[in-house]
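For ligands, and for the atoms within them, numbers begin at 1 and follow the listed sequence.
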Amino acid sequence: MRILVLGGTAFVGRAIVEDALRVGAEVTLFGRGRTGSELFPGVERRIGDRDADDYAALREGSWDAVVDVSGYLPRHVGRAMDALGDRVGRYLFISSHAVYVRTGLGPDSDEDTPRRPVRRDTEELTEETYGPLKAACEDDVVARYGSRATIVRPGKVAGPHDVQNGLTYWVRRAARGGRVALPGRPDQPVQLVDSRDLARLVVQLLADDRPGAFHAVGPAERITMAELIHTCARAAGAEVEVVPVPADAVSPFFPLMRPESMWPTLLRSPARARAAGMTATPMAVTAADVLAWDRGRGEPPLPLGLSPEEEAKLLAGV
Ligand SMILES: NC(=O)c1ccc[n+]([C@@H]2O[C@H](COP(=O)([O-])OP(=O)(O)OC[C@H]3O[C@@H](n4cnc5c(N)ncnc54)[C@H](OP(=O)(O)O)[C@@H]3O)[C@@H](O)[C@H]2O)c1
């Protein structure tokens, strides 16, 4: 299987490339050559810039499938599709669960849940526009490739090399042990997908040449924030006490925390993806692997969450 990956050298795409290589696929990478240039020696690289509509490096070649991990705007996918045409068999677009409406959902919503109205009037990526722009990308890929289009909609992704560090914050904090400040409710549900499970799904869908839309959500078990923190602590051999602190004391969208009004949108059904072969790594394994990766890279400062001093101040008040 010959796979072209648009992206593939940071986190989600990196896991996909690793899994594709694991099953013996022949991979070509397309990117600007800025991120992870030391990765995957021996894998062919084509250099171009999607923001500048520069796909000249893709003029030659054909692939069984393209995996578009770095498309955020209709222009990105439009130009990529213009460049590739029928030289790719299948177009698999990495979208997001942010395409879905945010109200009126019960838990375990499936892939037929209504999406938010698409947006094509902006190229500014914000919390508001990200989902509607991804929805427009989905529509354009399906309009062009029909049954040769596949859409994968990840929920919150976690695992080694996570560039957003949502789980990393809690893994690192829990490993320090003691009283852990939780800005919000301990019973908030969390649904993370291990990047390696997402990658397994993508590669399996390509191997099976399967069309349609699939959630990439996990994990093996449904857990709450408090359970997640305890799982992270166990992975590090630490003891923790989870101490709720007022959510208004910290910024909204604290790592993995969401306002209660959004809780129903945090639980999506993995059924279709699981039936298609998506694996389900236990949270304990994801937490242990993130801990090992974070320690291995020397635990650099994280641009999110609470510093120990900020946390101590909050804990002193409860
Ligand atoms: N993380 C989550 O929780 C989550 C949740 C839902 C959906 N997603 C989706 O997952 C994807 C994010 O994956 P990732 O960033 O981890 O993927 P990745 O494919 O591992 O990394 C991003 C890649 O895009 C390339 N790239 C960036 N800007 C580019 C440009 N202008 N032109 C060409 N290539 C460019 C980068 O290489 P260069 O820098 O060398 O160009 C890099 O290889 C997105 O589609 C996102 O919407 C993520």
Item to check | M262-Y130 co-clustered via ILVMFWY side chain contacts under 4.5 Å | outcome: no
Checklist entry - Which residue owns the protein heavy atom closest to atom 42 (C) of ligand 1, what's the atom, and how far is it? => result T9 OG1, 3.3 Å
Checklist entry - Can you list the ligand 1 atoms lying under 4.0 Å from a non-hydrogen atom of D51? => result 31 (N)
Checklist outcome for this item: Among non-hydrogen protein atoms, atom 15 (O) of ligand 1 lies closest to Y72 OH, 4.1 Å
Item to check | Selection from I94, L29, L192 by shortest heavy-atom distance to atom 9 (C) of ligand 1 | outcome: I94
Item to check | Heavy-atom gap S95 to ligand 1 smaller than 4.0 Å | outcome: yes
Item to check | Close approach, G48 and ligand 1, non-hydrogen under 4.0 angstrom | outcome: yes
Next on the checklist: For the residue pair R295 and W293, would you count it as a cation-pi contact if the rule is NZ or CZ under 6.0 angstrom from the ring centre and within 45 degrees of the ring axis?
Outcome noted: no
Checklist entry - What atoms of ligand 1 come within less than 4.0 Å of a heavy atom belonging to G31? => result 33 (C), 34 (N), 41 (O)
Checklist entry - Salt bridge check: are D194 and R200 linked by an N-O gap of less than 4.0 Å? => result no
Item to check | Check against side chain to side chain contact (heavy atoms under 4.5 Å, CB included), V245 and L182 | outcome: CA-CA 6 Å; V245 298; L182 177 74; 5.9 Å; no
Next on the checklist: Within ligand 1, which atoms have a heavy atom of S70 less than 4.0 Å away?
Outcome noted: 24 (O)
Checklist entry - Heavy-atom contact under 4.0 Å between K134 and ligand 1? => result yes
Item to check | Polar contact flag, side-chain donor to acceptor under 3.5 angstrom, R2-S62 | outcome: yes
Next on the checklist: Taking L228 as the starting point, is it possible to reach L266 by hopping between hydrophobic residues whose side chains are less than 4.5 Å apart?
Outcome noted: no
Item to check | Where T265 and H97 come nearest, the two heavy atoms and their spacing | outcome: O-ND1, 4.2 Å
Next on the checklist: Testing the basics here: between A276 and L205, what is the closest heavy-atom pair and its distance to 0.1 Å?
Outcome noted: CB-CD2, 4.0 Å
Next on the checklist: Please compare A10, A80, G36, A216 and report which has the shortest non-hydrogen distance to atom 20 (O) of ligand 1.
Outcome noted: A10
Next on the checklist: To check your reading of the model: name the closest protein heavy atom to atom 38 (P) of ligand 1, its residue, and the distance in Å.
Outcome noted: T35 OG1, 3.4 Å
Item to check | Proximity of H97 to ligand 1 by residue part, where a heavy atom lies under 4.0 Å | outcome: neither
Next on the checklist: Whether D49 and R32 form a salt bridge (side-chain N of Lys/Arg under 4.0 Å from carboxylate O of Asp/Glu) is what I want to check.
Outcome noted: no
Item to check | Contact check, G155 vs ligand 1, heavy-atom distance below 4.0 Å | outcome: yes
Next on the checklist: What protein heavy atom lies closest to atom 40 (O) of ligand 1? Include the residue and the distance to one decimal.
Outcome noted: R34 N, 2.7 Å
Checklist entry - V163: heavy atom below 4.0 Å from ligand 1, yes or no? => result no
